[in-house]
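Shown next, in structure tokens, is the structure this report addresses.
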Protein chains: 2
Amino acid sequence: MVGIDDVARRAGVSTATVSRALSGRGHVAAATRERVEEAAAELGYVVSASASSLATGRMRNIGVVVPFLNRWFYTSVLEGAQRRLMQYGYDLTLYNLSGASNERSTVFEQFLLRQRVDAVIAVSLELSAEEVDSLHALGKPLVGVGGPIRGVPTVSIDDVGVTRLATEHLLSLGHTVIGHIGGDVDAEMSFHMPTNRRHGWEDALREAGLEPRPELYFPAVFTMESGYVAAKQMLGDPRLRPTAVVVASDEMAIGVILAARDMGLDVPRDLSVVGIDDHELAPFFGLTTVAQFPEQQGERAVELLMRELDQSREDEPANLQLPFELIVRSSTSRPRPEREPRD
Amino acid sequence: MVGIDDVARRAGVSTATVSRALSGRGHVAAATRERVEEAAAELGYVVSASASSLATGRMRNIGVVVPFLNRWFYTSVLEGAQRRLMQYGYDLTLYNLSGASNERSTVFEQFLLRQRVDAVIAVSLELSAEEVDSLHALGKPLVGVGGPIRGVPTVSIDDVGVTRLATEHLLSLGHTVIGHIGGDVDAEMSFHMPTNRRHGWEDALREAGLEPRPELYFPAVFTMESGYVAAKQMLGDPRLRPTAVVVASDEMAIGVILAARDMGLDVPRDLSVVGIDDHELAPFFGLTTVAQFPEQQGERAVELLMRELDQSREDEPANLQLPFELIVRSSTSRPRPEREPRD
DNA sequence: CACGCCGCCGCAAGCGCTTCCATTCCCCGC
DNA sequence: GCGGGGAATGGAAGCGCTTGCGGCGGCGTG
């Protein structure tokens with residue numbers, strides 16, 4: 001294994017100079033640096049991460065904790081975070097909580113605290129105060145993605161704003177009976193997100209002078225199938241007859257479209273549906289949706305972290321609200337006049 | 001930061017004994033071990049990964065390289081690998097090649113070779129001889145998942161067997177005009193997988209005494225939309241009139257079902273479709289499919305790696321063929337008699 | 001009873017870097 | 001011409017563990 005002093009010998013300098021030349025820290029004459037770099041390249045030298053970490057106290061590695069892996073949102077923020085981390089020269093080590101029952105505590109006690117990472121990004125995870133504290137006690141910065149964590153900088157979107165926008169879109173098309181299929185509050189580990197999204201629907205309705213009807217809200221988990229089932233219920237109830245529905249995720253929304261189709265309803269003529277996410281399948285299904293940009297969220301989380309790691313300054317925990325955007329496709333239109341009794 | 005000698009002092013032993021007690025290596029009296037463990041717990045001591053790595057030369061960290069993240073197969077093997085690695089006390093650091101243009105070389109030169117991992121798992125990646133060699137030169141074991149790599153132990157499924165099984169299922173139902181929608185050989189970075197799957201279709205047909213008709217094969221990339229498009233072509237051609245189709249992935253197969261529906265065809269009455277994967281959406285669409293078990297593939301890959309790391313013995317590179325299994329749902333049935341001209 | 005073996009433990013030498021401090025040398029300004 | 005300051009480099013002390021080696025008892029065996 002070629003080490004730093006092999007390089008030093010070959011370049012005719014001291015190990016101290018090699019270290020400075022290769023890391024870019026400290027003053028090294030240009031000619032010397034060149035010589036060192038050549039020698040290193042010729043020998044195929046790469047610094048030993050562990051030795052370097054031991055000496056500096058920095059691992060150049062950050063931990064990302066996700067509750068699931070098999071979901072578009074998580075893999076997307078992962079992708080964004082990975083890309084940005086790589087640009088900073090950092091590794092990403094992945095912790096997935098969806099495995100065995102007790103993996104959550106294992107992750108925290110055995111891995112995150114094991115001095116293997118400089119910081120952690122928690123994606124859509126509600127961390128307990130102890131979990132946050134134990135991380136902070138080790139001096140490890142922590143940032144959240146997808147929902148606020150007490151006393152921790154977070155990047156997320158405005159969950160009420162997002163459904164409000166979706167609902168306003170429907171309202172502006174002339175819909176007045178608008179349903180909502182949202183996350184089941186208890187079924188998901190992700191904060192108050194489902195509740196917030198429901199509030200956005202209610203707020204928009206109220207602002208338009210319509211009282212949201214509780215029976216037009218259907219809970220579901222964030223899967224296509226669950227959206228399908230909820231839609232069947234909603235559309236099967238003759239007392240409801242919504243002309244449009246805002247759905248808290250694209251996957252569920254696609255389930256809704258499929259359900260409508262199976263019931264002989266035309267989307268958007270008989271039912272307008274708008275989702276949230278801009279999932280990769282949304283264009284295929286012509287789904288109108290409010291795009292959030294999870295990759296960007298991952299990137300911003302990394303940037304936040306890097307700032308904390310570099311300056312080690314105590315800025316106020318800046319909670320970043322990221323933009324979202326309505327994307328109109330073919331699943332929304334004006335309501336069919338004949339289905340609307342004249343008022 | 002509490003270090004090993006804090007623990008040693010508190011337990012009234014030497015640092016050597018603490019190290020041995022906590023790591024389980026070497027002989028330590030049971031009473032002593034207990035005392036050390038108590039002291040460590042009270043102080044909240046965790047070993048410094050970098051110091052430990054520097055001393056032992058092991059990082060307890062393995063790198064997993066994937067070409068994409070947003071695909072069911074990859075996240076599934078990732079999930080399996082992660083779970084098993086955690087059981088072994090290893091970290092998983094993730095490298096995703098789908099980012100910027102030159103990330104592939106960056107990953108190899110800057111990260112994998114940076115002594116940050118003990119070994120690497122390459123998922124569905126065709127590594128060049130140089131890439132393999134540079135890893136081996138560093139003494140880093142390497143195992144592949146999802147396709148063979150020259151001189152590297154690999155876990156995968158029998159790609160020809162899998163489509164053969166799918167085709168035989170259709171044959172046994174009485175179908176004789178069976179199309180195939182498969183991966184485009186050039187579009188994917190994943191070996192000869194598409195070609196092998198095509199061969200399985202051809203082989204099964206030939207064994208049944210039917211000559212595979214090239215015009216019944218349609219290339220596609222592995223997405224729902226691409227499957228949809230291919231199906232529209234296949235089903236729109238009046239000269240073809242297949243009664244069944246074997247599709248190289250479930251996502252594509254779902255696209256096929258959707259296309260059939262849009263063309264007014266009933267699945268399975270007018271068209272039987274069988275996919276490959278057992279994707280999470282397959283049950284929802286009633287898709288008959290040949291299940292592969294990517295999580296299991298991830299787990300086995302880890303086990304292979306651990307064996308290589310522990311024994312450091314030169315077994316022959318055992319190429320593991322993992323099982324697959326036909327799962328019959330509602331997208332396949334006997335062909336409609338009236339559509340089959342009597343022969 | 002004596003010898004030897006073995007289990008248990010401490011000492012101290014690294015592991016391969018980074019960085020503080022000291023040293024040398026050169027350039028500049030007075 | 002001389003002193004001061006800064007740039008360039010080397011020496012060496014760690015960073016916090018692991019582990020080979022050796023000492024010291026206790027126990028089994030001849």
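Sequence lines set the chain letters: A, B, ... in the order given, protein chains first and strands last, and positions in each chain run from 1.
- Take B/Asp6 and apply the salt bridge (Lys or Arg N to Asp or Glu O under 4.0 Å) test, not counting sequence neighbours, and it matches B/Arg9.
- When the side-chain hydrogen bond (donor to acceptor under 3.5 Å, both in side chains) test is applied to A/Gln292, the partners found at least two apart in sequence or on another chain are A/Asp277, A/Gln297.
- Rounded to an integer number of Å, the gap from CZ of A/Arg60 to P of C/dC17 is 16 Å.
- Evaluation of the side-chain hydrogen bond (donor to acceptor under 3.5 Å, both in side chains) rule for B/Ser156 yields no partner, not counting sequence neighbours.
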For residues 49-56 of chain B, which side-chain donor-acceptor pairs fall under 3.5 Å, sequence neighbours excluded?
residue	atom	partner	partner atom	Å
B/Ser50	OG	B/Ser48	OG	3.3
B/Ser53	OG	B/Ala49	O	2.9
B/Ser53	OG	B/Arg58	O	3.0
B/Thr56	OG1	B/Ser52	O	2.8
B/Thr56	OG1	B/Arg58	N	3.1

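- Checked against salt bridge (Lys or Arg N to Asp or Glu O under 4.0 Å), B/Arg25 has no partners two or more places apart in sequence or in another chain.
- Both tests do not hold together for A/Arg71 against A/Tyr74: distance to the six-membered ring centre under 6.0 Å, angle to the ring axis within 45°.
- Residue-level contact check: B/Ser19 touches the bases, meaning some heavy atom is under 4.0 Å from a base atom.
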Listing, residues 28-45 of chain B side-chain donor-acceptor contacts under 3.5 Å, not counting sequence neighbours, or none:
residue	atom	partner	partner atom	Å
B/Arg35	NH1	B/Ala11	O	2.6
B/Glu42	OE1	B/Arg10	NE	2.7
B/Glu42	OE1	B/Arg10	NH2	2.7

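- Two residues, B/Ala16 and A/Ser23, neighbour DNA chain C, and the one matched to the more 5' nucleotide by heavy-atom proximity is B/Ala16.
- Looking at residues two or more places apart in sequence or on another chain, you find a salt bridge (Lys or Arg N to Asp or Glu O under 4.0 Å) between A/Glu299 and A/Arg83, A/Arg84.
- Under 4.0 angstrom from either OP1 or OP2 of C/dC9 there lies no side-chain N or O belonging to B/Arg20.
- Rounding to whole angstrom units, CZ of residue A/Arg58 and P of C/dT18 are separated by 13 Å.
- In the helix from C/dC1-D/dG30 to C/dC30-D/dG1, the rotation axis of the first five pairs and that of the last five pairs differ in direction by 30°, rounded to 10 degrees.
- Across all strands shown, A/Ser52 has heavy atoms under 4.0 Å from sugar-phosphate atoms exclusively, and none from any base.
- Between the side chains of B/Asp5 and B/Thr15, not a single donor N or O lies within less than 3.5 Å of an accepting N or O.
- Listed nucleotides: C/dA12, C/dG14, C/dC17. Nearest to the side chain of B/Thr15: C/dA12.
- In 5' to 3' order, the nucleotides of DNA chain D bounding all contacts with chain B (an atom under 4.0 Å from a heavy atom) are D/dG16 to D/dG20.
- For B/Asp133, the side-chain hydrogen bond (donor to acceptor under 3.5 Å, both in side chains) criterion is met by no residue, not counting sequence neighbours.
- Distances shorter than 4.0 Å separate some side-chain N or O of B/Ser14 from OP1 or OP2 on C/dG10.
- Listed by chain and number, the residues in a side-chain hydrogen bond (donor to acceptor under 3.5 Å, both in side chains) with A/Asp159 are A/Arg197 (sequence neighbours excluded).
- Within residues 27-39 of chain B, the residues having any heavy atom closer than 4.0 Å to DNA chain C are, in order of number, B/His27, B/Val28, B/Ala29, B/Thr32.
- Between B/Thr17 and C/dC9 there is no side-chain polar atom (N or O) within less than 4.0 angstrom of OP1 or OP2.
- Spacing between atom CG of A/Leu54 and atom C1' of C/dG14 amounts to 12 Å, rounded to whole angstrom units.
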